[in-house]
Amino acid sequence: MAEDKKRIKLNMGKFLKIIPERLKRIKNSSDDDMKPLYSYKPNALAAAIHPKEQFVIVGNIEKLCSDTLLFTLLPDKEKGTSSLSPFQAGQYISVSVSSGKRTYSRPYSICSSPSEFADKYQIAVKRTDGGVVTGILHEEIKQNDKLTVSDPCGSFTYEPLRDAKTVIGCAGGVGITPFISMIRAVKDGMEDFSLTLLYGCKKPQDALFRDLLDKINDPRIKIVYVFEEGAEDNCEKGIINAELIKKYAPADKYSLFVCGPHNMYTHIEKEAEKLGIRRKYLREDARGQMIHPEKEPDFYPAENGDYAVTVISSSAKTELRCKSGETLLSAMERAGVTAPSRCRSGECGFCHSRLVSGVCYTPARADGRRAADKVYGYVHPCCAFPRSDIVIEIKA
Ligand code: FES
């Protein structure tokens, strides 16, 4: 044992010399030795998978139901996107649109198959009351228009090391979209798991992708419609709850994947608790979910505050106003500041910004910051609500 200890003892003198030695080598090296960063294979591969932005042309636009359109997006080769980036079923892209001098972006799940990644992405966009981006996409965007989208992001994906072999999916309304991609991925051999999908809608006419879902003939996939109003053969009536999940779940372990409107998450979390589902098997796609601060358990009132916000970026300093119920990101977009964003739900960290001064409230359930970020005063403006006047520094 003593011998072992002696053998693994660190030579501290040598260890401490590493940094000065490296600095000396860097200083003495010639620029001629430098290869361009992207000539290194891992960097080139990373850049291809995660481009800063992708340029697309709008292909077919199909009406899925009275308030939802399906957009097919094709690579815009003229602008330099020769093929689209690969993605995993369940991921999303952030779509940017302009209105006047303002640029807005919103995340949408990709619903096409990952096997077709190079040639097309498809997204379904439901029109929402007062939704700026959904309004522009529904009313102004037409075939052959050009758009900019992000690389595919998000972790609402099947992971065999973490997830059970059987997935029970709980989808609400347009929250069906990531599951459509998963179904296609299973059928195309890109994913290997069984999926029983409980698809909740108000009434039968609201269910999207019926053409695809009703024709599935694959023992690994089962679709169960759950309608609040109206009925059909073999459908369930009411809402998705613990009883229904239990009815269709296997006796052994399973993962529970959830995607739907905001209140569906809190509801299914409670139902999952009744079933004793371990937290690691509960997976939620909170992408783009509007966070309602007043509905959060840790919410504290702000007396309808209306605060002054100073936004510092490398190119400008902007003064704007933000109400206590509005996120800093929304206020910046409204004021014409192009701020970085992807998920808009606190998860990805892409909007990560330094809070120079002031106080913000971040709901605990949307607080995806690292411990160090909290200590050193960083916030995610997509889910930070002001509680005082604010000075914030954003990435340009
Ligand atoms: S946009 Fe993802 S954390 Fe803010």
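Note that the numbering runs from 1 along the sequence shown for the chain. Note that ligands are numbered from 1 as they come in the structure, with each ligand's atoms numbered from 1 the same way.
Judged as a side chain to side chain contact (heavy atoms under 4.5 Å, CB included), and not counting sequence neighbours, the contacts of Asp218 are Lys187, Ile216, Arg220, Ile221. Applying the side chain to side chain contact (heavy atoms under 4.5 Å, CB included) test to Glu78 and every residue at least two apart in sequence or in another chain returns Asp76, Lys146.
The pair Glu21-Lys17 does not meet the salt-bridge criterion, since no charged nitrogen lies less than 4.0 angstrom from a carboxylate oxygen.
Protein atoms that are N, O or S and lie under 2.8 Å from atom 2 (Fe) of ligand 1 are these: Cys343 SG, Cys348 SG.
No side-chain heavy atom of Asn144 sits less than 4.5 Å from a side-chain heavy atom of Lys142.
Other members of the hydrophobic cluster containing Leu45, listed by chain and number, are Ile49; membership follows side-chain contacts under 4.5 Å among ILVMFWY residues, whether direct or relayed.
Proximity of a side-chain donor or acceptor of Arg369 to a complementary backbone N or O of His380 within less than 3.5 Å is not detected.
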